[in-house]
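One structure is given below, encoded as structure tokens.
Naming convention: chains lettered A, B, ... in sequence-line order (proteins, then strands); numbering from 1 in each chain. Small disclaimer: the values here were computed from a predicted structure and weren't measured. Note that these values count all heavy atoms, side chains included, but never hydrogens, waters or copies made by symmetry.
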Protein chains: 2
Amino acid sequence: MERKCNNQPYLLLMQTSKAIHDRIKEEIAKNKLGITEFSVLEVLYQKGKQTIQQIGKCILVSSGSMTYVIDKLEQRGLLSRNACANDRRVIHVTLTDDGNELMNEFMPKYHEFINHLFDSLHSDEVEALVQLLKKVRNKV
Amino acid sequence: MERKCNNQPYLLLMQTSKAIHDRIKEEIAKNKLGITEFSVLEVLYQKGKQTIQQIGKCILVSSGSMTYVIDKLEQRGLLSRNACANDRRVIHVTLTDDGNELMNEFMPKYHEFINHLFDSLHSDEVEALVQLLKKVRNKV
DNA sequence: TTCGATTATCTTGAATCTGAGATAATAATA
DNA sequence: TATTATTATCTCAGATTCAAGATAATCGAA
């Protein structure tokens, strides 16, 4: 009987993504941020003002965690909660100047870091990898 | 300024691996197991008797978490702790009959499930994906 | 042998996440 | 309008993880 998983592409895909995830976690930790915290800031940086709900859907985090993580980022002065004038159930969240400054500082390095991870591939290899991954992803 | 990450292979790699991770989590949850718990059982199923330390190194989990997860699996009767005769610091862990039965039952389904995720690729595409991922992984 | 270093496991406390349920506001409908 | 359903956020308990430190055993060198 086969007790070990021998599916090579599966093992490699998971190993590689975990390795990348861990390296990125380290990078983000340099700003004393967790990945969830960073993801919130990233959404706000990209999209501007968002509701808590919108952010949570975007980064796939429960409402309980959203309250928690936004509390922490607010205490740290990186974002602010603002009541919504039209709908008093809603809270808008925006980056503070400090938050913006942090992201302006960090994001170029961050993108550079990610690009660097794929340096070893030629452009045609990148294209091939993208096509193969799309095929897999669409099946999952 | 570029606020959004446009690195396609990166985004696809992480999206795909997360999607796969989540699907596998669901599969494993059908046995009322978490991924860490399952990983422990998997190691024991593949390698037979192991020390707690060995398992922890293998699945990259801290010693504190190992105690916790092995407690739970032991309480559920899926594995047992056995003192080591030679070295009294060490505890050997083995699957119980129940644990073995569970794994005998589940593992074929599990491997089938994983293979199924890559059904959409031809064998030459699988090979290409493997080569590309190796290249990326070795760089990270 | 004896003392210090190392090793394996466990304990504890803090961090983070989820899910269920509470609260409050809004929307929809009779 | 009154009632009901839905929505957004928050609260809380429980699960899981890690890091640091405690405990106990073993190893190694003087």
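Contacts classified as salt bridge (Lys or Arg N to Asp or Glu O under 4.0 Å) and involving residues 9-24 of chain A (residues at least two apart or in different chains) are given here: A/Lys18-A/Asp22, A/Arg23-A/Glu26.
Applying a 4.0 Å cut-off to non-hydrogen atoms, the residues of residues 69-88 of chain A that approach DNA chain C are A/Lys72, A/Asn86, A/Asp87, A/Arg88, listed by residue number. Scanning residues 13-24 of chain B for heavy-atom distances under 4.0 Å to DNA chain C yields an empty list. Shown for residues 48-60 of chain A: residues whose heavy atoms fall under 4.0 angstrom of DNA chain D, namely A/Thr51, A/Ile52, A/Gln53.
With sequence neighbours excluded, the residues forming a salt bridge (charged side-chain N to carboxylate O under 4.0 Å, His left out) with B/Arg81 are B/Asp71, B/Glu74, listed by chain and number. B/Phe106 is linked by a ring pair (Phe, Tyr, Trp, His ring centres under 6.0 Å) to B/Phe38, B/Tyr110, counting only residues two or more places apart in sequence or in another chain. Under the side chain to side chain contact (heavy atoms under 4.5 Å, CB included) criterion, A/Lys72 pairs with A/Glu37, A/Tyr68, sequence neighbours left out. The side-chain hydrogen bond (donor to acceptor under 3.5 Å, both in side chains) test applied to B/Asn100 returns no partner, not counting sequence neighbours. Qualifying salt bridge (charged side-chain N to carboxylate O under 4.0 Å, His left out) partners for A/Glu101, counting only residues two or more places apart in sequence or in other chains: none. Scanning for salt bridge (charged side-chain N to carboxylate O under 4.0 Å, His left out) contacts around A/Arg76 gives an empty result, with sequence neighbours left out.
Using a 4.5 Å cut-off on side-chain heavy atoms (C-beta onward), B/Met107 and A/Arg3 make no contact.
Of all nucleotides in DNA chain C, those with any atom nearer than 4.0 Å to a heavy atom of chain A start and finish, going 5' to 3', at C/dA15 to C/dT26.
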Can you list, pair by pair, the side-chain donor-acceptor contacts under 3.5 Å of residues 121-129 of chain B, counting residues two or more places apart and other chains?
unit_1, atom_1, unit_2, atom_2, d
B/Glu125, OE1, A/Lys135, NZ, 3.1
B/Glu125, OE1, B/His122, N, 2.9
B/Glu125, OE2, A/Lys135, NZ, 2.8
B/Glu127, OE2, B/Gln131, NE2, 2.7

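A sub-4.0 Å separation between OP1 or OP2 of D/dC18 and a side-chain N or O of B/Ser65 is present.
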